Structures are given as structure tokens and as C-alpha cells.
Amino acid sequence: MSKLWQLKKLSDGSALSEPQPLPENWGPIFGLHGFIDQIGDLSWLGESYNDQGWVEVGDAPVGPAASSAAELAWGRAKKMLADSDWSVLPDVPMTAGDRALWIAYRRALREIRLQAGFPDNIQWPKAPD
């Protein structure tokens, strides 16, 4: 079972991130042997990291139940955004009206979490034709 970590302000324990597993490649990226010992206090990274550190906050859930309805819905919205990335490239030939439709569609996807029924009753936007 993997551990969950959270970036916190060390002076008062306030959260600066959501709980998450640590990336497996952090050790090689930072070039640190035993980097877990180094991340509890990030002041060694510079002044802007004073009073910040990663704190172990528990175990990550295992299996499909680990994803909440909100995570699944947001994952679907992100996939739909990725599938429509082509529509906002500057060299894609389309009318200004069509471009506006695609921009509105992508905005609706980015704002899906603001819907009153999120995540259980979502009104999914329809992609322009």
C-alpha cells in the first residue's frame, strides 16, 4: 500500500496541497540519496520554500473504489478537453463562429465542477459539430 503525503506549512500545519502519493522519480530528479528524509523541511530549496514540508498523512486507498465520483467525472472532463485540444490551435481553419463554439464548449468542460449537481448529476456539454 502506498503512502499519501501532503505539502504543509510547517508553522501551523495548514495544507498547501491535496494528499497524494509522492512521485517515484523524485529521488533521481533531486539527486538525493534518502530524499524522504529531506522533504520534511524544504528550506534547503531556497527562501521561498521556508516553512514548507511534505508530511505523511496516511495510506492510499487500493483498487477501483479509490476513485470518487468527483475524480471520475473530472477525469472524463479532462479527457474530453484533451480530445478537443486541436480546436484551439491557431492554424486550424475554421470560422470565428465555430471557434467561439469550441471555446465555449471547452470552458463548460473546465467549469464542470461548478455545476450544482456535480458530481452525481452533471449536464455534459455537447461538442460542436
Side-chain angles (χ1 to χ4, degrees):
M1 184 172 288
S2 66
K3 302 289 183 189
L4 290 179
W5 294 75
Q6 189 170 35
L7 184 62
K8 293 193 174 195
K9 187 173 180 181
L10 298 176
S11 60
D12 64 11
S14 60
L16 301 173
S17 75
E18 295 294 321
Q20 58 194 313
L22 292 178
E24 293 178 14
N25 62 351
W26 271 14
I29 287 173
F30 288 126
L32 300 172
H33 175 71
F35 79 99
I36 295 285
D37 299 331
Q38 301 289 323
I39 62 173
D41 178 357
L42 297 178
S43 60
W44 57 273
L45 287 171
E47 190 174 315
S48 61
Y49 292 93
N50 285 347
D51 197 31
Q52 294 182 25
W54 286 94
V55 177
E56 187 178 327
V57 293
D59 293 324
V62 179
S67 294
S68 69
E71 290 169 329
L72 292 172
W74 182 235
R76 178 180 172 190
K78 289 193 301 187
K79 167 91 170 71
M80 294 167 77
L81 278 164
D83 290 346
S84 65
D85 279 349
W86 65 270
S87 69
V88 292
L89 295 173
D91 60 343
V92 173
M94 72 172 67
T95 67
D98 286 345
R99 187 168 308 275
L101 291 173
W102 278 104
I103 290 170
Y105 166 72
R106 291 173 53 82
R107 181 181 309 114
L109 288 172
R110 285 190 304 275
E111 294 175 352
I112 211 88
R113 294 177 287 186
L114 302 176
Q115 288 187 16
F118 182 85
D120 300 313
N121 186 19
I122 299 170
Q123 300 301 312
W124 290 100
K126 183 180 179 311
D129 295 325

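Everything numeric in this text was worked out from a predicted model, so none of it was measured.
Under the ring-ring contact (aromatic ring centres under 6.0 Å, His included) criterion, the residue pairs touching residues 69-89 are W86-W102, with sequence neighbours excluded.
Neither W124 nor L114 shares a network with the other; the hydrophobic side chains, linked directly or stepwise wherever heavy atoms of I, L, V, M, F, W or Y lie under 4.5 Å apart, form separate groups for each. The hydrophobic clustering, which links ILVMFWY residues whose side-chain heavy atoms are closer than 4.5 Å, places V92 and M80 together. The hydrophobic cluster containing L45 also contains I39, counting ILVMFWY residues as joined when their side-chain heavy atoms lie under 4.5 angstrom apart, directly or transitively. When hydrophobic clusters are built by joining Ile, Leu, Val, Met, Phe, Trp and Tyr residues whose side-chain heavy atoms come closer than 4.5 Å, directly or via intermediates, W54 is grouped together with W44. L7 and Y49 fall within the same hydrophobic cluster, defined by Ile, Leu, Val, Met, Phe, Trp and Tyr side-chain heavy atoms under 4.5 Å apart, directly or through other members.
A distance-only check finds a donor-acceptor pair linking the side chain of Q6 to the backbone of S17 [under 3.5 Å]. A donor-acceptor pair under 3.5 Å is absent between the side-chain atoms of R110 and the main chain of L81, judged by distance alone. Without hydrogens or angle criteria, E71 side chain to S68 main chain gives a donor-acceptor distance under 3.5 Å.
Listed here is the closest heavy atom pair of P119 and I122: O-CD1, 3.5 Å. Scanning both residues, Q115 and N121, for their nearest heavy atoms gives OE1-O, 4.1 Å. In terms of heavy atoms, L16 sits closest to Q52 at CD1-CG, 3.7 Å. Among all heavy-atom pairs drawn from P125 and L109, the shortest one is CG-CD2, 3.6 Å. What you find for Y105 and K126 is that their closest heavy atoms are CD1-O, 3.5 Å. Contact record, P19 with V57: CB-CG2, 3.9 Å, taken as the closest heavy-atom pair.
Atom CG of D129 has 12 or fewer heavy atoms from other residues, nucleotides or ligands within 6.0 Å.
Evaluation of the side chain to side chain contact (heavy atoms under 4.5 Å, CB included) rule for K79 yields D83 as partners, not counting sequence neighbours.
Between the CG atom of D51 and the OG atom of S43 there is a distance of 9.5 Å, given to the nearest 0.5 Å.
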